[in-house]
Amino acid sequence: MKQKYPLLKMVYFLLFLIPCALMGQSVVTGVIKDAGNNPIPFVNVIEKGSSNGTTSDFDGNYSITLNGNSGTLEFSYLGYATQEKLISSSQTLNVTLEESSESLDEVVISGLASSVKRSNAANAVASVSAEQITGTTPPPTLDGALYGKFAGALVSQNSGAPGGGLSIKLRGATSIQGNTQPLYIVDGVYVDNSSISAGLNAVSAASAGGSASNQDNPTNRIADINPDDIENIEILKGASAAAIYGSRAAAGVVIITTKKGKAGETQFKFGQSFGWTQVTRLLGLRNYNEQRVEDSFGAEAVPLFIAARDEGRLVDYEEEIYGEKGLISKTNFSMSGGDVKTRFYAGVTHSNENGIVKNTGYEKTSLRLNLDHRATDFLKVSLNTNYINSKSDRGFFNNDNSGTTIGVTLTGTTPWLQLFPDENGVYPDNPSGASNPLQTRDRVTNEEIVDRFIIGASANLDIFKKEKSSLELILRGGLDTYGQKSRAIFPKDLQFQKPANGGQNGVAVQGDTQNRNYNLAAFLVHNYRTDNDLSFRTQAGVTREYFDRNTQLITASGLVASETNVDQAANTGTNQFRLLQEDAGFFVQEEINFQDKLIGAIGLRGDKSSNNGDANELNYYPKASLAANFNEFDFWKEDSFVDKFKLRVAYGEAGNFAPFGALFTSYTSFSTNDLLGISLVGVRGDGDLSPERQKELEFGTDLSILDGKVDFSATYYIKTVDDLILNSALPPSSGFTSEFVNAGELQNKGLELSLNSNIIESEDFVWNASVNWFKNTSKITRLDVDPFNVGAFGATLGTFRIEEGSSATQIVGIGPNPGANGFQRFGDSEPDFQMALNNSIQYKDFQLSFLWQWKKGGDNINLTTLLSDLNGTSADYDDSGLDPSGALANGPYRVSQLGSSADVFVEDASYLRLREVGLYYTIPTTTLENFLGGNIDNIKVGFSGTNLINIFDYNSYDPEVSNFGGGGIFTGVEVTPFPSSKRFLFNLAVNF
């Protein structure tokens, strides 16, 4: 029988089916705002346990259809605490997200244009927050704020002079004669961290051949960055993470993000610190008597000693030079705010620190303006600007071969000498040395002035955005430009400048450096979520970097009258260094996430550079990683004792350019009989030289227990540097002295452990503690040239030696029991391990924070004590205990070993120090309600310090020292440095 009205029946059926289907789903809509009632755009709204998700629009509105009629929605956004809401039916749900500094630590860098949740990261990426940088005590410089904050970094102070001079080495040695310092990125800008000589070698003669020297105590330019401006620092320690930066990343990457404004009421912050700095340790005077004076200085010195002693004129010249309490002042003011479309952060900081030596100090002014603007729903632009002006005077210290620096002179200065000026300001000559240290301190100028601009800009364009996929275009550009002017003046009335004393009749050295770096980059980021709970993120992009540096040093001697201009001199000389380099590259990466259970990534960086023999040849740097979150699997019980258990493995490669001048043969000028010409410098270039290539395999685990109260992380890595670039000697018949060659392999193995714990959490009492421990061991696994000594002053005094099968930082020398190589091994500059313990204790309105740092092992070559021994002035000269036979006192015994054993010059450089401490009181809000109309949000006052307790047996000012700066791996050589200091500060912080 034929059915009637089939179409009508179909309509009835659909009208019945649709409500039934809707009964199985819930539609949730609402608005997401912050605590100030401002809408938050682009908040991630995810149905927990699925790939179903969306984001809020420009006005904070969102709408999502659940897979069933109930579920849990997760709301997350960077800088805000994640919230979860249980949904049982269709409804309107408005959400207010609270700001959370802890949430900033929830993501880490995973590519040049993206991040990943820390819980899903397969690399050991360390993060340092703003609170960790400046929360305990205002640090003198940015790099100085990183001591002990994370595992895997050897931070060392090369000099105690104000204004920088630190080095950071991540996971051990990464090169023998190339760069060992990490790459610094600030808001996407490649930031220069050069240490540029002031030309003091023209007087000190610390290094032969020209005016430039790495022994004249230069600053490093990362000290320009203002720590108060920083929101977060991420440290890519290994090649598996740093591979995305390619040829400049072998020594690791430090990524700095500065503070941004937040939508809402404008916030003002004012901070003021006052205090002082004083020397960490003085060596003290030798305990002189008549017999000791006669034995060391001759019978003619005895009457001078007796007269000065009896008249109370014995002077501790060490304390006279280093005993100043330099005043410290630091003022910081910032404002931030904006609305949902435009946010801003502006800050100004001025700091002024006097050194522990008169006429030394560091002064810096930093201005910052950061703008973020949401032009449309699909376009966001950002601009970050920073201007820095700094001025430093670091005196005249460190090694010299002319006996004129203050430290070297002090080793021969006895307390019965009278070196103070007379009533006319005329200083007497020092009969025991080449210079009068008081005159040198008061009359020598070593000034450095820097003007610097750092500007970064970015644009994020959402090309399309759908429920399960999106495509974003990211454009970035950055400029780092500065001018550094140095001025060193040695007046002609100085003792060592007088022609009668063999001097140059006054020396003036003027240096000028113009540095300009800029970088450009463009990236596409595609996100895609499938129906079977797989998420894909694809990144691809291109980069371009330009580096241009021009340094000129003009040295003048034989000054006319009191003139200091270099054109008013009898003799002038010039030295110029130019560096022009252009790099280009591409980057692709694919990340796959299966329900946060398994997260894998694979990527490739390709680089070419004008600093390669073939400027068009691409060097490829791959990376791959895999992480497994076992706590996300179905077999894991939600009420388990263990909250998180992740295993991870990662592999990556990164590069290191050849040293300057290695790829080409350089020429220098000469003159004969007034005829000018050019000649070879002696180093033969090799255009086929390959960049050093670092390969690293990393294994790790992350564990969290007791509802997140205890977090533990462990990482083991094996890092190999292939194509090691070394300077190899050539036979004289070649016409050259040496050439750089790829001639070895260096391996590092290390273990990093970190533990964070919320020990006590109650309404009135909170105690958080963290500890990190790490160890690195290096080894030269292949050497294609003859073993060689490098990085010190020869085997007689102790030197570093590169030979196959041995540590890259071993210290050898002549000794009674030499090995097959003719040298005896006396130590290693690499520590046995390093450990740091950080505590934060809060009781009601009081907060106590402190950081202990322990460095176990690692040796220094201490030549300061040798110099004072040779002059008979060492504080422990007459003590005993070093001579195994017991026949000689310490000083004579050490001198007796000169030429027969370097053992006495190699000392254990272990230390334990209270690196930071801060005690603060926050005024209760109930008290502030009646103060200035209740417009003050917070007032915190307190006391803080740096290096207040220092425990070590090292026989000099501080075991943390390096005569040769921080550019190489051979640290720990000491020759009369500028001593380190401790800092005491009273701090005030006001938020309104």
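Predicted, not measured: the structure shown is a model, and the values here were computed from it. Count residues from 1 along the sequence.
Distance CG/Asn460 to CZ/Phe523: 11.0 Å, rounded to 0.5 Å. With rounding to the nearest 0.5 Å, the separation of NZ in Lys623 from CD1 in Ile602 is 10.5 Å. Remark: Ser778 OG to Lys749 NZ distance equals 12.0 Å, nearest 0.5 Å. With rounding to the nearest 0.5 Å, the separation of NZ in Lys719 from CG in Leu170 is 7.5 Å. A distance of 7.5 Å separates NZ in Lys380 from CD in Glu472, rounded to the nearest 0.5 Å. Atom NZ of Lys117 and atom CG of Asn629 lie 8.5 Å apart (nearest 0.5 Å).
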Test side-chain hydrogen bond (donor to acceptor under 3.5 Å, both in side chains) on Tyr717 and Asn748 and set out the steps.
-> CA-CA 8 Å; Tyr717 60 86; Asn748 287 274; over 6 Å; no

Going through the distances and angles, do Ile225 and Ile454 end up as a side-chain contact (heavy atoms from CB on, under 4.5 Å)?
-> CA-CA 10 Å; Ile225 307 301; Ile454 301 174; 3.6 Å; yes

Worked check of side-chain contact (heavy atoms from CB on, under 4.5 Å) between Leu534 and Ile592 = CA-CA 7 Å; Leu534 269 176; Ile592 305 174; 3.9 Å; yes

Would Arg248 and Asp583 satisfy salt bridge (Lys or Arg N to Asp or Glu O under 4.0 Å), going step by step from the backbone distance to the final call?
-> CA-CA 10 Å; Arg248 293 181 172 271; Asp583 302 341; 3.0 Å; yes

Verify side-chain hydrogen bond (donor to acceptor under 3.5 Å, both in side chains) between Ser247 and Asn619, making sure each step is shown before the conclusion.
-> CA-CA 8 Å; Ser247 297; Asn619 292 297; 5.0 Å; no

Does the side-chain hydrogen bond (donor to acceptor under 3.5 Å, both in side chains) test come out yes or no for Asp702 and Ser713, once each step is laid out?
-> CA-CA 4 Å; Asp702 300 313; Ser713 177; 2.9 Å; yes

Show your reasoning for whether side-chain hydrogen bond (donor to acceptor under 3.5 Å, both in side chains) applies to Asn527 and Arg529.
-> CA-CA 7 Å; Asn527 292 289; Arg529 292 195 300 269; over 6 Å; no

Would you check, one step at a time, whether the test side-chain contact (heavy atoms from CB on, under 4.5 Å) holds for Ile388 with Arg368?
-> CA-CA 9 Å; Ile388 305 111; Arg368 174 169 292 279; over 6 Å; no

Candidate pair Leu142 and Ile256, rule side-chain contact (heavy atoms from CB on, under 4.5 Å), full reasoning = CA-CA 10 Å; Leu142 167 62; Ile256 299 171; 3.4 Å; yes

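Side-chain contact between Gln581 and Phe657 is present, with heavy atoms from C-beta onward closer than 4.5 Å. Leu751 places none of its side-chain heavy atoms less than 4.5 Å from the side chain of Phe774. The side-chain heavy atoms of Phe645 and Glu632, taken from C-beta on, include no pair separated by under 4.5 Å. Using a 4.5 Å heavy-atom threshold, the side chains of Val253 and Ile255 count as touching. Side-chain contact check for Leu837 versus Trp773: every heavy-atom pair is 4.5 Å or farther apart. For the pair Asn839/Asn768, no side-chain contact is recorded, criterion being any heavy-atom separation below 4.5 Å from C-beta on. Here the side chains of Glu916 and Pro139 are not in contact, with every heavy-atom distance at 4.5 Å or above. A heavy-atom distance below 4.5 Å is found between the side chains of Leu154 and Gln834.
Nearest approach of Val155 to Asp143, heavy atoms of both residues: CG1-O, 3.9 Å. Nearest heavy atoms, Ser770 versus Asn756: CB-OD1, 2.9 Å. Scanning all heavy atoms of the two residues, the minimum distance from Leu746 to Ala808 falls at CD1-CB, 3.6 Å. Taking all atoms of both residues into account, the shortest heavy-atom contact from Ala124 to Glu752 is CB-OE1, 4.4 Å. Residues Ser336 and Gly261 share a closest heavy-atom pair of CB-CA, 4.0 Å. Shown here for Val721 and Glu692, the closest heavy-atom pair between the two residues is CG1-CB, 4.2 Å.
Salt-bridge check for Arg452 with Asp480: passed, with a basic side-chain N closer than 4.0 Å to an acidic carboxylate O. Salt-bridge annotation for Asp229 and Lys259: absent, with no side-chain N of the basic residue lying under 4.0 Å from a carboxylate O of the acidic one. Salt bridge absent: Glu231 and Lys260 never bring a charged side-chain N and a carboxylate O closer than 4.0 Å. Contact check on Glu698 versus Arg648 returns a salt bridge, with a Lys/Arg side-chain nitrogen under 4.0 Å from an Asp/Glu carboxylate oxygen. Comment: Arg171 engages Glu696 in a salt bridge, judged by a side-chain N to carboxylate O separation of less than 4.0 angstrom. Using a 4.0 Å cut-off between charged nitrogen and carboxylate oxygen, Arg537 and Glu590 do not count as a salt-bridge pair. A salt bridge is absent between Lys709 and Asp643; no separation between the charged side-chain nitrogens and carboxylate oxygens falls under 4.0 Å. The pair Asp832-Lys856 counts as a salt bridge, with a side-chain nitrogen and a carboxylate oxygen less than 4.0 angstrom apart.
Side-chain N/O atoms of Thr55 and Asn44 include no donor and acceptor closer than 3.5 Å. Using modelled atom types and a 3.5 Å distance limit, the side chains of Asp187 and Thr258 yield a donor-acceptor pair. In this structure, a donor-acceptor pair under 3.5 Å is absent between the side chains of Thr349 and Ser366.
Ring geometry, Tyr518 versus Tyr546: the interplanar angle falls under 30°, so the pair is classed parallel (tilted spans 30 to 60°).
A cation-pi geometry, defined here as NZ or CZ lying under 6.0 Å from the six-membered ring centre and within 45° of its normal, does not hold between Arg605 and Tyr620.
The backbone N or O of Leu475 sits nowhere less than 3.5 Å from a side-chain atom of Ser458 that would complete a donor-acceptor pair. At least one donor-acceptor pair under 3.5 Å links the side chain of Asn179 to the backbone N or O of Gln181. Put simply, the side chain of Glu545 never gets that close to the backbone of Asn519: no donor and acceptor are under 3.5 Å apart. A donor-acceptor pair is defined here as one N or O able to donate and one able to accept, closer than 3.5 Å; no such pair exists between the side chain of Arg476 and the backbone of Thr543. Checked by atom type and distance alone, the side chain of Thr134 pairs as donor or acceptor with a backbone atom of Ala130 at under 3.5 Å. Listed for the Asp607 side chain is no donor-acceptor partner under 3.5 Å among the backbone atoms of Leu618. Side-chain atoms of Asn384 never come within 3.5 Å of backbone atoms of Ile455 as a donor-acceptor pair (strictly under, hydrogens ignored). Using modelled atom types, one side-chain atom of Asp192 and one backbone atom of Ser194 make a donor-acceptor pair closer than 3.5 Å.
Taking the ring centroids of Phe699 and Tyr716, they lie at or beyond the 6.0 Å cut-off.
Between Asp711 and the choices Ser704, Ser757, Ser754, the side chain to side chain donor-acceptor pair (under 3.5 Å) rule is met once, by Ser704.
Counted within 6.0 Å of CH2 on Trp852, heavy atoms from surrounding residues, nucleotides or ligands total more than 12; the atom is thus considered enclosed. Counting heavy atoms of neighbouring residues, nucleotides and ligands inside a 6.0 Å radius, atom NZ of Lys779 does not exceed 12 of them.
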